[in-house]
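Structure first, commentary second.
All values below were derived from every heavy atom in this structure, side-chain atoms included, with hydrogens, water molecules and symmetry-related copies excluded. Along the sequence shown, the residues carry numbers beginning at 1.
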Amino acid sequence: MSTTVAARYTAKLTDGPLEGKTIAVDFLDSGEPKPSIGIPSDGKKTYIYTCTSDREFDTEGSDRPSAVAYRYRSTSFD
């Protein structure tokens, strides 16, 4: 039986300007979810979201979550 390891997870944006949206995110090389993500919008604006402890797993006993909640932290203007 072969075991597959998920390379991506779903980031659920729980509040802020992108509340209710989801995006696919790659795991870090260590296999952990990213502690924060930047989501470009409107050319020079990037929304910064921070990882919470809320995680969902598709398979019981899995070491990698299938979904992780993120909360709005700030907006960066470049």
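- Every residue was checked against the ring pair (Phe, Tyr, Trp, His ring centres under 6.0 Å) condition with Tyr47, not counting sequence neighbours, and none meets it.
- Residues that satisfy the side chain to side chain contact (heavy atoms under 4.5 Å, CB included) test with Ser74, not counting sequence neighbours, are Ile48.
- Sorted by first then second residue, the side chain to side chain donor-acceptor pair (under 3.5 Å) pairs that include residues 14-29, not counting sequence neighbours, are Arg8-Asp26, Asp15-Arg71.
- Arg55 approaches Pro65 most closely through the heavy-atom pair CB-CB, 4.0 Å.
- Put simply, the side chain of Ser76 never gets that close to the backbone of Thr46: no donor and acceptor are under 3.5 Å apart.
- Residues Pro35 and Leu28 are in side-chain contact: their nearest non-hydrogen atoms beyond the backbone lie under 4.5 Å apart.
- The side chain to side chain donor-acceptor pair (under 3.5 Å) test with Ser66 is passed by exactly one of Asp58, Thr10, Thr59: Asp58.
- For the atom pair OH (Tyr9) and CD (Glu32), the distance works out to 9.5 Å, reported to the nearest 0.5 Å.
- Applying the ring-ring contact (aromatic ring centres under 6.0 Å, His included) test to residues at least two apart or on different chains, the pairs with a partner in residues 57-78 are Tyr49-Tyr72.
- Listed by chain and residue number, Ala11, Val25, Ile37, Ile39 satisfy the side chain to side chain contact (heavy atoms under 4.5 Å, CB included) test with Ile23 (two or more places apart in sequence, or in another chain).
- Judged purely by atom type and a 3.5 angstrom limit, Thr52 uses its side chain to pair as donor or acceptor with the backbone of Ala69.
- Shown here are the side chain to side chain donor-acceptor pair (under 3.5 Å) partners of Asp54, two or more places apart in sequence or in another chain: there are none.
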